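Shown next, in structure tokens, is the structure this report addresses.
Not measured: the values here are computed from a predicted model. Note that these values count all heavy atoms, side chains included, but never hydrogens, waters or copies made by symmetry.
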Amino acid sequence: MTTTLQTRTRGLHRAWIVAGVAFVAILGAAGFRATPGVLITPLQEEFGWSRGTISLAVSVNLMLYGLTAPFAAALMNRFGMRRVVSGALLLVAAGSGFTILMNAPWQLILCWGVLVGLGTGSMALVFAATLTERWFVRHRGLVTGVLTAGGATGQLVFLPLLAHLAVAQGWRSAAVTVTAAALVVVPLVWFLLRDRPEEVGTTALGADPAAVTVPPPARAGGAAAHALTVLWSAARTRPFWLLVGGFAICGMSTNGLVGTHFIPAAHDHGMAEPTAAGLLALVGIFDVVGTIASGWLSDKVDSRILLGAYYGLRGLSLMLLPSLFGATTEPSMLVFIVFYGLDWVATVPPTVALCRQIYGADGAVVFGWVFASHQIGAAVAAVGAGLTRDHFGAYDLAWYAAGFLCLIAALMSVAIARKASLKA
């Protein structure tokens with residue numbers, strides 16, 4: 001009776017409460033990380049910095065967002081999700097808050113690139129992978145999809161508001177809003193998030209209630225050593241490099257290119273920034289649907305086939321995008337937004353599933369390294385697209401290149417071996 005009272009509220013398993021808190025944190029992390037996209041033009045107008053210079057800060061942000069992930073996963077194993085995520089939110093608040101005092105590009109790189117990158121990276125999708133591994137047996141793929149969709153919802157919630165603030169009250173108001181939002185989430189995480197079901201006298205959702213689960217002991221050498229050991233083991237297997245290559249291209253074609261440069265690219269064609277931000281937020285609406293559906297499908301369909309389809313369709317859509325830009329939102333652009341939105345991060349649930357299937361208990365940390373490649377790809381695309389715009393006066397080459405690479409990612413995905421255990 002006591003256990004039941006501790007772990008359930010009117011029949012609700014504690015796993016759902018933990019997942020809800022994680023959703024809020026991941027939602028905020030995505031919104032915080034995407035914020036520089038609405039600041040590029042205001043910063044350029046106020047300070048006279050080139051888009052290439054501003055994009056460098058975004059690139060550092062994206063790279064650290066990814067490179068932090070495997071170490072964050074290992075830190076969560078050692079110190080717990082609650083401590084790591086709470087600390088990450090404080091880093092985001094500091095990084096965003098200090099930007100209002102900056103007057104040089106290196107300060108932008110330090111604040112939005114380093115501090116916000118480290119903070120949001122610690123709340124990245126590896127957090128979702130770690131949580132679902134610990135708290136869910138049943139509905140694991142579906143919950144992974146829902147938490148991943150939190151990233152898209154972050155865009156939906158933050159981008160239009162921040163774009164409006166940047167235009168109406170200046171970009172500093174947008175930065176302060178991010179700081180306040182990050183601080184508000186800290187107590188929610190600290191008081192409601194729990195690291196493992198055993199802490200509250202229950203088992204993972206769908207697990208055998210009679211089973212006694214003992215948390216694994218802390219590994220010798222610390223979290224960083226564990227993350228590097230897992231990388232060394234996984235890097236000697238072929239599936240790892242196929243996953244890394246595909247996910248790097250995924251990052252190039254989403255966060256790095258569209259997430260960072262869609263708004264300024266639309267502005268180049270005469271579209272108002274709040275309108276362009278609204279379109280990017282609309283991507284987030286349809287991504288919620290697409291990612292949850294992808295999570296459901298990853299419980300039922302070969303994940304390699306899902307990835308192949310997602311990357312292939314994304315590549316074709318990006319090749320059409322340059323012809324769709326205009327000063328007003330035409331029906332053809334809305335069709336692209338819906339189609340692209342359904343595919344935005346639908347790649348995450350099947351990628352997480354493959355890491356778990358192939359690498360077992362180390363799957364979350366392996367996914368952290370795969371996700372790091374996603375953000376390295378995004379960083380390359382953020383800088384590359386900015387330089388392309390500076391040199392050619394348009395983004396067209398960047399869209400075409402990303403589309404072609406997505407077709408390559410589709411082929412890499414279907415080439416992943418079927419075997420369930422390929423660790424060296």
**Item:** Sub-4.5 Å side-chain heavy-atom contact between Glu46 and Arg172
**Value:** yes
**Item:** Residues Arg83, Asp195: salt bridge by 4.0 Å N-O rule
**Value:** no
**Message:** In the structure I gave you, are the side-chain heavy atoms of Met412 and Phe247 within less than 4.5 Å of one another anywhere?
**Reply:** no
**Item:** Sidechain-backbone polar pair: Thr53 side chain, Trp49 backbone, donor-acceptor under 3.5 Å
**Value:** no
**Message:** Nearest 0.5 angstrom please: Cys111 SG to Asn61 CG, how far?
**Reply:** 11.5 Å
**Prompt:** Do Leu183 and Leu90 touch side chain to side chain, with heavy atoms closer than 4.5 Å?
**Reply:** yes
**No-hydrogen, no-angle side-chain donor-acceptor test under 3.5 Å, Tyr310 and Ser413** = no
**Prompt:** Between Tyr359 and Trp369, does a ring-ring contact (aromatic ring centres under 6.0 Å, His included) hold up when you go through it step by step?
**Reply:** CA-CA 12 Å; Tyr359 300 101; Trp369 286 112; over 10 Å; no
**Item:** Phe47, CZ atom: more than 12 neighbouring heavy atoms under 6.0 Å
**Value:** yes
**Message:** Between His164 and Gln169, is the side chain to side chain contact (heavy atoms under 4.5 Å, CB included) condition met? List the steps.
**Reply:** CA-CA 8 Å; His164 175 75; Gln169 300 181 30; 5.9 Å; no
**Item:** Pair Arg14 + Glu199: basic N to acidic O under 4.0 Å
**Value:** no
**Request:** Report yes or no: does Ser253 contribute a side-chain atom to a donor-acceptor pair with the main-chain N or O of Cys250 at less than 3.5 Å?
**Result:** yes
**Item:** For Leu108, the option from Ile54, Val60, Asn103 that meets side chain to side chain contact (heavy atoms under 4.5 Å, CB included)
**Value:** Ile54
**Request:** Might you work through the side chain to side chain contact (heavy atoms under 4.5 Å, CB included) test for His374 and Val244, ending with a clear yes or no?
**Result:** CA-CA 7 Å; His374 182 282; Val244 161; over 6 Å; no
**Asked** Think Arg82 forms a cation-pi with Trp190, using NZ or CZ under 6.0 Å from the six-ring centre and within 45 degrees of its axis?
**Response** yes
**Asked** Yes or no on side chain to side chain contact (heavy atoms under 4.5 Å, CB included) for Tyr340 and Leu321, after CA distance, side-chain angles and deciding distance?
**Response** CA-CA 10 Å; Tyr340 187 82; Leu321 181 59; over 6 Å; no
**Message:** Would you say CH2 of Trp106 has more than 12 non-hydrogen atoms from neighbouring residues, nucleotides or ligands within 6.0 angstrom?
**Reply:** no
**Message:** With heavy-atom distances below 4.5 Å as the criterion, would you say the side chains of Thr130 and Val365 are in contact?
**Reply:** no
**Message:** Please check: side-chain N/O of Arg304 versus main-chain N/O of Ala415, any donor-acceptor pairing under 3.5 Å?
**Reply:** no
**Asked** Heavy atoms, side chains only, cut-off 4.5 Å: are Phe404 and Met319 in contact?
**Response** yes
**Item:** CG on Asp362 to CZ on Phe367, rounded to 0.5 Å
**Value:** 15.0 Å
**Request:** Side-chain contact test, heavy atoms from C-beta onward, threshold under 4.5 Å: evaluate it for Phe98 versus Leu110 and give yes or no.
**Result:** no
**Message:** For a 4.5 angstrom cut-off between non-hydrogen side-chain atoms, does Leu228 reach Trp232?
**Reply:** no
**Request:** Nearest 0.5 Å please: distance from the CZ atom of Arg134 over to the CE atom of Met76.
**Result:** 8.5 Å
**Request:** Any pair with a residue in residues 261-280 that passes ring pair (Phe, Tyr, Trp, His ring centres under 6.0 Å), sequence neighbours left out, goes on the list, sorted by first then second residue, please.
**Result:** His261-Tyr395, Phe262-Phe325, His269-Phe325
**Prompt:** In Å, rounded to the nearest 0.5 Å, how long is the span from CG of Leu306 to OG of Ser298?
**Reply:** 7.0 Å
**From CG (Leu307) to OG1 (Thr351), nearest 0.5 Å** = 4.5 Å
**Asked** With a 4.5 Å limit on heavy-atom distance, are the side chains of Leu318 and Cys406 in contact?
**Response** yes
**Leu316 side, atom CG; Leu407 side, atom CG - distance, nearest 0.5 Å** = 5.5 Å
**Prompt:** Under 3.5 Å, is there a donor-acceptor pair linking the side chains of Ser294 and Thr291?
**Reply:** no
**Item:** Step-by-step side chain to side chain contact (heavy atoms under 4.5 Å, CB included) determination, Thr144 to Leu131
**Value:** CA-CA 9 Å; Thr144 301; Leu131 184 142; over 6 Å; no
**Message:** Is the ring pair Phe136/Trp16 parallel, tilted or perpendicular, if the boundaries are 30 and 60 degrees?
**Reply:** perpendicular
